Number of protein chains: 2
Amino acid sequence: MNRKPNLKDVAELAGVSAITVSRVLTHPDKVAAKSRLKVEQAIATLGYIRNHAASALASNRSGVLAVIIPSLSNIVFNEVLQGIYSAVKPHQLQVILGDCHYSPLEEEKLIATLLSQAPEGLILTGTDQTDYARKLLQNAGIPVVQLMELTDHPIDINIGFSHFAAGKAMTEHLLARGYRHIGFLGARMDPRTQHRLAGFRKAIEDWNATSRPESLGAEPQSARCEPYVVTTSQSSSIKLGGQLLQAVMAESQGQCDAVFCCNDDLALGALFAARQMNLRIPADLAIAGFNDLEASALVDPGITSVASPRFAMGQQAVDLLMQKASGAQTEFSPIDVGYSIMVRGST
Amino acid sequence: MNRKPNLKDVAELAGVSAITVSRVLTHPDKVAAKSRLKVEQAIATLGYIRNHAASALASNRSGVLAVIIPSLSNIVFNEVLQGIYSAVKPHQLQVILGDCHYSPLEEEKLIATLLSQAPEGLILTGTDQTDYARKLLQNAGIPVVQLMELTDHPIDINIGFSHFAAGKAMTEHLLARGYRHIGFLGARMDPRTQHRLAGFRKAIEDWNATSRPESLGAEPQSARCEPYVVTTSQSSSIKLGGQLLQAVMAESQGQCDAVFCCNDDLALGALFAARQMNLRIPADLAIAGFNDLEASALVDPGITSVASPRFAMGQQAVDLLMQKASGAQTEFSPIDVGYSIMVRGST
DNA sequence: TTGAAAGCGATACCAT
DNA sequence: ATGGTATCGCTTTCAA
């Protein structure tokens, strides 16, 4: 016999019916121990492997979880993925992963493609899906998680934190430390990065409004905060951080005394570049980052950064997805997992 | 109509037969333009999405590529993955990804699981599969790639480079630079790391044999090279690099004047720790790494490291897999993609 | 270029 | 606890 063995082959060898073999595979406890043993032996002898396509077709359960991330190269999403994989284990799910390269259009195409696998659920990053994508998902009738970021109008389940609030809080931290010429370094301005920038702007706006109310007239220059924003659509890297630091220094004519980098890669690059410019940190220049990568804590001085529970987010996404898939609950309101500012020597 | 539309629904709406719809989906050029248009409209109207399980079952083509990597958290495999994803695009394949946590046993289980999806091909990392896994793969009758590392007895296709040779070459570089008390820092001693260590040992052994032949009697102490090996099964991290540096310094009683780290994470950690110990680099201590991560080139001094074409390996794996799947060629001998030593300030 | 009929391999449902 | 039978949705094969 050359072709791959199927259920029937196993059944014949074991002297039972096909359906009994099927049961051994799915609900072993619903089969008498004696039959089960015979079947298990037959399976081993034949090297039988169940045909997933047939199983999925007949049972209408694909055993697949679809996940779309914006980038494979960004370690941040890896940590989320690890959470997803760890949580998926007990559920007998296979993960099909797509990388949409930060593009909502690519994401839309991927969603269409992945939906053909009839996944049990779908995990997306961010909340900026195209209208058509949202429609696809609504029709699909499967639970969907939008991860990493919060929105008032989630497609379904939403788990994340406010990048606006985090950006604002970090900027307030710099203001509280006395910095008044603060630069924002941004790369690959995806929605979350833009929210961080918006938070940055709001913090400074609030600060200037408070410390220098128009009704009171002029105040000492030092009280007012001067923002410098340098962004690029290039994708983020350590090297780019150094280049952006030079750019902001040029733009501010050397006035800039603190930079808030939209992520830790940029912050590391800024730190390395600042050293070569003989800037003392944090005396001459403060550096703040985002994501709290391992390296940020270990360089000298450590980089102040925003931490968030990425692994846990991934886990929770799967957990809620599976809860919903099993019909336990139908509505979850957006879940804010929060963030925390890790203050280190760089500020 | 509540249930999801199927081929028949589309066919009825378009006024053609189901098979014609199927053809529009798979070989659009084999259908008259007129019918095709009608079908495409019907598909759009109904929001039809093809049932992958049924398609796979009927056609005996799963459209799935299975990939197993040892770790999601190691950025090195991410770059390989990116190569895989980039190459997969034109082939209409979905990637199912498994993480075996560096364990051959987990890998074996994953292989069994993933084979049930009847993937068109399977990409593995390394060459240390269990016997049972090899048997499974041989029976599966699909092309298999063992990636990253070379072996004399590949299961099928083999693409990689010699970690032994790379480890040896890097050590020879340190010897050539005049270092004679060389430490090896190793974490999570997976097979490739062990080969690097073996190369390290061989280089030093060769050196000592050459520069101090037994027949010539004693020579100046400085000519002989003293190796110090510190390894741990803990998984690698920047922080661990610092700890291992301290360990090797303790073991060598401060004699160690160079460390070869089994990867760049450790090397970065060693660099940061060395700075805090007020060691001048490379005068007091040379540091070499492996993998050539971006940060290694940008810290000061830059870390000498071993670069390899990871992205390209991923791409080539898919390319050869698809070539083989389409029956073009049946045998490939192992493909050595090589490595190169990036010499920087740290040595 | 198009269609009819016969599977693909497993599971659900209903008996026994 | 076990088995018979219909069925899932699509593609293959063959014929027109």
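Each chain gets a letter, A, B and so on, in the order its sequence line appears, and its residues count up from 1. No experiment lies behind these values; they were computed from the predicted model shown.
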Contact list (N/O, under 3.5 angstrom) for nucleotides 1-5 of chain C vs protein:
| unit_1 | atom_1 | unit_2 | atom_2 | d |
| --- | --- | --- | --- | --- |
| C/dT2 | OP1 | B/Ser35 | OG | 2.3 |
| C/dT2 | OP2 | B/Ala32 | N | 2.9 |
| C/dG3 | OP2 | B/Ser17 | N | 3.0 |
| C/dG3 | OP2 | B/Ser17 | OG | 3.0 |
| C/dG3 | OP2 | B/Thr20 | OG1 | 2.6 |
| C/dG3 | N7 | B/Arg23 | NH2 | 2.8 |

Matching residue for A/Leu97 among A/Ile69, A/Leu110, A/Ile84, A/Ile123 - test: side chain to side chain contact (heavy atoms under 4.5 Å, CB included): A/Ile69
Report the distance from atom [atom1] of [X] to atom [atom2] of [N], rounded to the nearest whole Å.
X       : N      : atom1 : atom2 : result
A/Leu46 : C/dG9  : CG    : P     : 14 Å
A/Asn60 : D/dC10 : CG    : P     : 12 Å
B/Leu25 : D/dC10 : CG    : P     : 9 Å
A/His27 : D/dA1  : NE2   : P     : 13 Å

With a 4.5 Å cut-off on side-chain heavy atoms, are [Y] and [X] touching?
X        : Y        : value
B/Arg188 : B/Asn74  : yes
B/Val16  : B/Val24  : no
A/Val145 : A/Leu124 : no
B/Leu7   : B/Tyr48  : yes

Between residues 109-120 of chain A and DNA chain D, which residues have a heavy-atom gap below 4.0 Å? none
Could you check B/Ile96 against B/Val67 for side chain to side chain contact (heavy atoms under 4.5 Å, CB included), going step by step and ending with a plain yes or no? CA-CA 6 Å; B/Ile96 300 196; B/Val67 178; over 6 Å; no
Give each protein N/O atom lying under 3.5 Å from an N/O atom of nucleotides 6-9 of chain D, with the pair distance.
| unit_1 | atom_1 | unit_2 | atom_2 | d |
| --- | --- | --- | --- | --- |
| D/dG9 | N2 | B/Ala54 | O | 3.4 |

B/Asn158 (side chain) donor-acceptor with B/Thr151 (main chain) under 3.5 angstrom: yes
Closest approach of A/Gln323 to A/Ser326 (non-hydrogen atoms, all atoms of both residues): O-OG, 2.9 Å
For the student: nearest non-hydrogen atoms of A/Gln82 and B/Leu72, plus distance: CG-CB, 3.7 Å
Taking atom CG of B/Asn139 as the centre, report whether more than 12 heavy atoms of other residues, nucleotides or ligands fall under 6.0 Å from it. yes
